[in-house]
Amino acid sequence: MRNPSIETYRPKNEILAKYIYRYYENTLIDEEYVAFPSEHNIVVALEKSIPNYKKDQLFLAENSADSNNFHALNKFGSPLFIKTTGKIREFVVIFQPHGLAQFTDHKVQNEVFFKLSEFDRLLHDHPEFFDYPIAQKIAIFETFLLPFLNEKQNIDIITKAIQLISEKDVSIEEVAEACNCSYKKLYRLFKLHCGVTPMTLKKSIRFRNVLKKIKSEGGNSKLSDIALDFGFYDQALFNKAFKQLTGENPKSFLKNISIHKEKDMYFKPLK
């Protein structure tokens, strides 16, 4: 990606801050890059481009005949190849793992990439949306989104479980016990709120935490020590888990990765 310094923004509305992690805007011009698994749901408003998603591949082409639209990218467990043709402007909303499900009846567990038709009215009402400054985009989006909020039951269990998974190397059974619910119930709630199983989310969070650790220590720690810190007691298992999420072994991946600002955005440019 040509822009290595994407600026991200926090939600302004305190209620929405429980569900939205960050916003950013970007312009893509004939790009090819790989995005890596995340625990978040990504919602993107696209200007004049209807995306074409195939397994682990996303294609975007500029087309003046296309309408502006909103799509969502659910959590994914393997690298995602993205190719853009022409000039594509996008406004991106990074939802917390459980966030998007509180604003749509779309079954987020059923698809990796899907259209959010109910959000398209915002773009219809604001045809110049992509010309607005980012602060104005955020204000318009938050005003539009708030009436959609419809919290699902047992969200307190989900938020506690995600916090435990994020902070500690604990088993899913231990998380369920700490949340005072059965493993089966926790599994069902994760699928409902997050669109993935607890273990899938744990893998994504642990992967991101490994990258944060490597980044914060500036390469001064051995990968074997970092692997131990995150519960990998065998270097081969660490390498295998890393390759499942990136397609590469850790050393090769870290040579080519591009870290966007300090907000845990990881892309690998291919051009």
Side-chain angles (χ1 to χ4, degrees), residues 10-22 36-43 72-78 93-112 114 116 118 142 145-213 216 226-234 237-238 240-242 244-245 263-264:
R10 294 181 182 275
K12 299 297 184 183
N13 185 285
E14 291 184 6
I15 295 173
L16 294 179
K18 293 169 55 180
Y19 310 101
I20 295 173
Y21 176 56
R22 297 275 174 176
F36 297 97
S38 168
E39 69 270 29
H40 298 107
N41 283 112
I42 308 299
V43 169
L73 179 64
N74 198 6
K75 302 158 200 70
F76 51 100
S78 54
V93 187
I94 306 174
F95 279 85
Q96 299 287 4
H98 61 290
L100 180 58
Q102 315 313 315
F103 297 91
T104 179
D105 292 329
H106 196 102
K107 303 301 182 185
V108 297
Q109 67 267 35
N110 292 343
E111 297 176 75
V112 174
F114 53 89
L116 283 173
E118 61 266 46
E142 292 191 347
L145 184 66
L146 199 55
F148 284 87
L149 178 58
N150 182 21
E151 267 195 2
K152 295 179 170 59
Q153 291 184 339
N154 297 308
I155 195 170
D156 55 327
I157 294 176
I158 284 295
T159 54
K160 181 177 180 179
I162 292 172
Q163 183 179 5
L164 289 170
I165 291 171
S166 300
E167 294 177 351
K168 301 177 181 179
D169 180 27
V170 291
S171 69
I172 302 304
E173 289 78 8
E174 289 172 321
V175 171
E177 184 177 355
C179 293
N180 196 30
C181 71
S182 66
Y183 178 92
K184 185 176 181 180
K185 180 178 180 179
L186 190 67
Y187 183 98
R188 178 177 59 79
L189 289 176
F190 263 79
K191 292 288 285 184
L192 176 66
H193 287 274
C194 302
V196 294
T197 68
M199 181 54 71
T200 297
L201 192 71
K202 178 181 176 180
K203 287 179 180 178
S204 293
I205 290 175
R206 185 162 59 171
F207 167 63
R208 291 288 167 145
N209 286 341
V210 167
L211 295 185
K212 288 179 191 177
K213 177 84 169 178
S216 67
I226 292 174
L228 284 172
D229 287 343
F230 289 94
F232 292 98
Y233 301 106
D234 184 306
L237 288 177
F238 176 67
K240 181 179 179 181
F242 214 93
Q244 286 177 339
L245 294 168
K263 304 307 177 191
D264 313 318

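Quick caveat: nothing in here was measured; it's all calculated off a predicted structure. Side-chain atoms are counted along with the backbone in the values below, which use heavy atoms only and exclude waters and symmetry mates.
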Report task. Apply side chain to side chain donor-acceptor pair (under 3.5 Å) to the pair Glu118 and Thr104, showing each step before the final yes or no. Result -> CA-CA 8 Å; Glu118 61 266 46; Thr104 179; 2.6 Å; yes
Report task. Run the numbers on Gln96 and Ile20 for side-chain contact (heavy atoms from CB on, under 4.5 Å), then give the verdict. Result -> CA-CA 5 Å; Gln96 299 287 4; Ile20 295 173; over 6 Å; no
Requested in this report: Verify salt bridge (Lys or Arg N to Asp or Glu O under 4.0 Å) between Lys203 and Glu39, making sure each step is shown before the conclusion.
Outcome: CA-CA 9 Å; Lys203 287 179 180 178; Glu39 69 270 29; over 6 Å; no
Query - Stepwise side-chain contact (heavy atoms from CB on, under 4.5 Å) test for Ile94 and Val43 - result: CA-CA 6 Å; Ile94 306 174; Val43 169; over 6 Å; no
Report task. Using the side chain to side chain donor-acceptor pair (under 3.5 Å) rule, take Ser171 and Glu174 through it: C-alpha gap first, then chi angles, then the decisive distance, then the call. Result -> CA-CA 5 Å; Ser171 69; Glu174 289 172 321; 3.3 Å; yes
Requested in this report: Check the pair Ser38, Arg208 against side-chain contact (heavy atoms from CB on, under 4.5 Å), reporting the backbone distance first and the verdict last.
Outcome: CA-CA 7 Å; Ser38 168; Arg208 291 288 167 145; 3.5 Å; yes
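Interatomic distance, CD1 of Ile155 versus CG of Leu189, reported as 10.5 Å (0.5 Å rounding). Here NZ of Lys160 is found 11.5 Å from CG of Leu186. Values are rounded to the nearest 0.5 Å.
Put simply, the side chain of Asn41 does not reach to within 4.5 Å of the side chain of Leu73, judged on heavy atoms. Put simply, the side chain of Asn150 does not reach to within 4.5 Å of the side chain of Gln102, judged on heavy atoms. The shortest distance between side-chain heavy atoms of Ile162 and Leu201 falls below 4.5 Å. The shortest side-chain heavy-atom distance between Asn13 and Leu146 falls under the 4.5 Å cut-off. Side-chain contact check for Pro11 versus Glu142: some heavy-atom pair is nearer than 4.5 Å. Residues Ile172 and Ile165 are in side-chain contact: their nearest non-hydrogen atoms beyond the backbone lie under 4.5 Å apart. Side-chain contact between Val175 and Pro198 is absent, with no heavy atoms from C-beta onward closer than 4.5 Å. Side-chain atoms of Leu164 and Cys179, non-hydrogen and from C-beta on, do get closer than 4.5 Å to each other.
Counted within 6.0 Å of NZ on Lys152, heavy atoms from surrounding residues, nucleotides or ligands total more than 12; the atom is thus considered enclosed. The environment of Asn180 atom CG is sparse: at most 12 non-hydrogen atoms of other residues, nucleotides or ligands sit within 6.0 angstrom. The environment of Glu151 atom CD is dense: over 12 non-hydrogen atoms of other residues, nucleotides or ligands sit within 6.0 angstrom.
Classification of the Phe207-Phe242 ring pair by plane angle, with boundaries at 30° and 60°, yields perpendicular.
In this structure a side-chain-to-backbone donor-acceptor pair under 3.5 Å is missing from His40 to Asn74. Side chain of Lys202 to main chain of Thr197: no donor-acceptor pair is present (N/O by atom type, distance under 3.5 Å, no hydrogens or angles).
The ring pair (Phe, Tyr, Trp, His ring centres under 6.0 Å) with Tyr19 is formed by just one residue from the set Phe148, Phe103, Phe95; it is Phe103.
Contact between Pro37 and Ser204 at its shortest, heavy atoms only, is CB-OG, 4.3 Å. Shown here for Thr159 and His98, the closest heavy-atom pair between the two residues is CG2-NE2, 3.7 Å. Here the closest heavy-atom approach between residue Leu192 and residue Ala101 is recorded as O-CB, 3.8 Å.
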